[in-house]
Amino acid sequence: MRVLFRRRGRNQRPERASRPGGNYRSSSCVPLLPWQVRQRRFRLTGFGRRGLDPDEVRLFLDRVAGDLDALHRALRESRLETARIKDALRRWQSEQARRANAGRR
């Protein structure tokens with residue numbers, strides 16, 4: 001807890017995560033990937049002990065992995081669309097600046 005309350009000097013900036021798209025995530029919060037969910041295995045319970053049905057757990061993990069996969073695909077498409085729109089906006093702004101400068105002469 002001490003680390004959370006450590007005072008910064010006047011000219012020090014707060015540390016940021018270096019991961020793109022995750023500026024405010026802590027290093028302990030690593031995104032879960034679909035392949036990690038699919039490869040996750042649970043220990044079997046011993047004889048006479050209660051536990052979960054391995055087939056039911058596997059079906060659930062496959063469902064979660066599928067949802068994560070769809071989420072990652074949608075996020076990738078969204079980032080590509082954002083980059084395309086930003087590029088178009090930069091080109092439009094450059095064209096408007098050129099027209100404004102040409103009109104002043």
Side-chain angles (χ1 to χ4, degrees):
M1 287 301 280
R2 268 187 160 169
V3 175
L4 294 176
F5 300 109
R6 190 177 296 162
R7 296 179 79 167
R8 293 191 315 259
R10 283 186 165 189
N11 295 330
Q12 288 181 338
R13 291 186 177 169
E15 293 181 17
R16 287 189 164 189
S18 60
R19 188 180 313 122
N23 292 337
Y24 299 105
R25 287 191 175 177
S26 70
S27 61
S28 64
C29 181
V30 179
L32 191 60
L33 299 173
W35 67 266
Q36 292 170 318
V37 174
R38 285 190 181 101
Q39 289 182 353
R40 178 72 169 107
R41 299 292 180 255
F42 297 93
R43 283 181 270 169
L44 296 175
T45 58
F47 179 73
R49 294 184 64 192
R50 293 166 38 171
L52 301 173
D53 179 17
D55 294 332
E56 195 174 337
V57 171
R58 176 62 35 215
L59 286 172
F60 177 75
L61 290 178
D62 285 341
R63 180 178 172 193
V64 170
D67 289 349
L68 277 173
D69 192 35
L71 177 70
H72 282 278
R73 269 189 264 115
L75 183 60
R76 189 179 321 115
E77 290 173 11
S78 175
R79 287 180 176 160
L80 289 171
E81 180 71 8
T82 300
R84 187 187 65 76
I85 290 170
K86 283 181 178 180
D87 187 48
L89 179 61
R90 283 186 195 106
R91 282 186 273 125
W92 180 82
Q93 287 173 330
S94 296
E95 181 63 31
Q96 294 302 311
R98 277 194 289 275
R99 286 182 184 176
N101 287 339
R104 290 183 190 168
R105 291 180 183 188

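Everything quoted here is computed from the prediction, not taken from an experiment.
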query = Residues two or more places apart in sequence or in another chain: which of them pass side chain to side chain contact (heavy atoms under 4.5 Å, CB included) with Glu95?
reply = Arg98, Arg99
query = Taking only residues two or more places apart in sequence or in another chain, which ones pass side chain to side chain contact (heavy atoms under 4.5 Å, CB included) with Arg90?
reply = Lys86
query = Can you list the residues that meet the salt bridge (charged side-chain N to carboxylate O under 4.0 Å, His left out) rule with Asp55, with sequence neighbours excluded?
reply = none
query = Using links of under 4.5 Å between side-chain heavy atoms of ILVMFWY residues, direct or through other members, which residues join Trp92 in one cluster?
reply = Leu89
Residues in side-chain hydrogen bond (donor to acceptor under 3.5 Å, both in side chains) contact with Arg76, at least two apart in sequence or another chain = none
ask   = Which residues, ordered by chain and number, are linked to Ile85 in its hydrophobic cluster, where ILVMFWY side chains connect at heavy-atom gaps below 4.5 Å, directly or through other members?
value = none
request  = Any side chain to side chain donor-acceptor pair (under 3.5 Å) involving residues 64-75? Give me the pairs, sequence neighbours left out, ordered by first then second residue.
outcome  = Asp69-Arg73
Compile the donor-acceptor pairs under 3.5 Å between side chains in residues 57-65 and protein atoms, sequence neighbours left out, one pair per line.
residue	atom	partner	partner atom	Å
Arg58	NH1	Arg38	O	3.0
Arg58	NH2	Arg40	O	2.8

Euclidean distance, Leu75 CG relative to Thr82 OG1, rounded to 0.5 Å = 9.0 Å
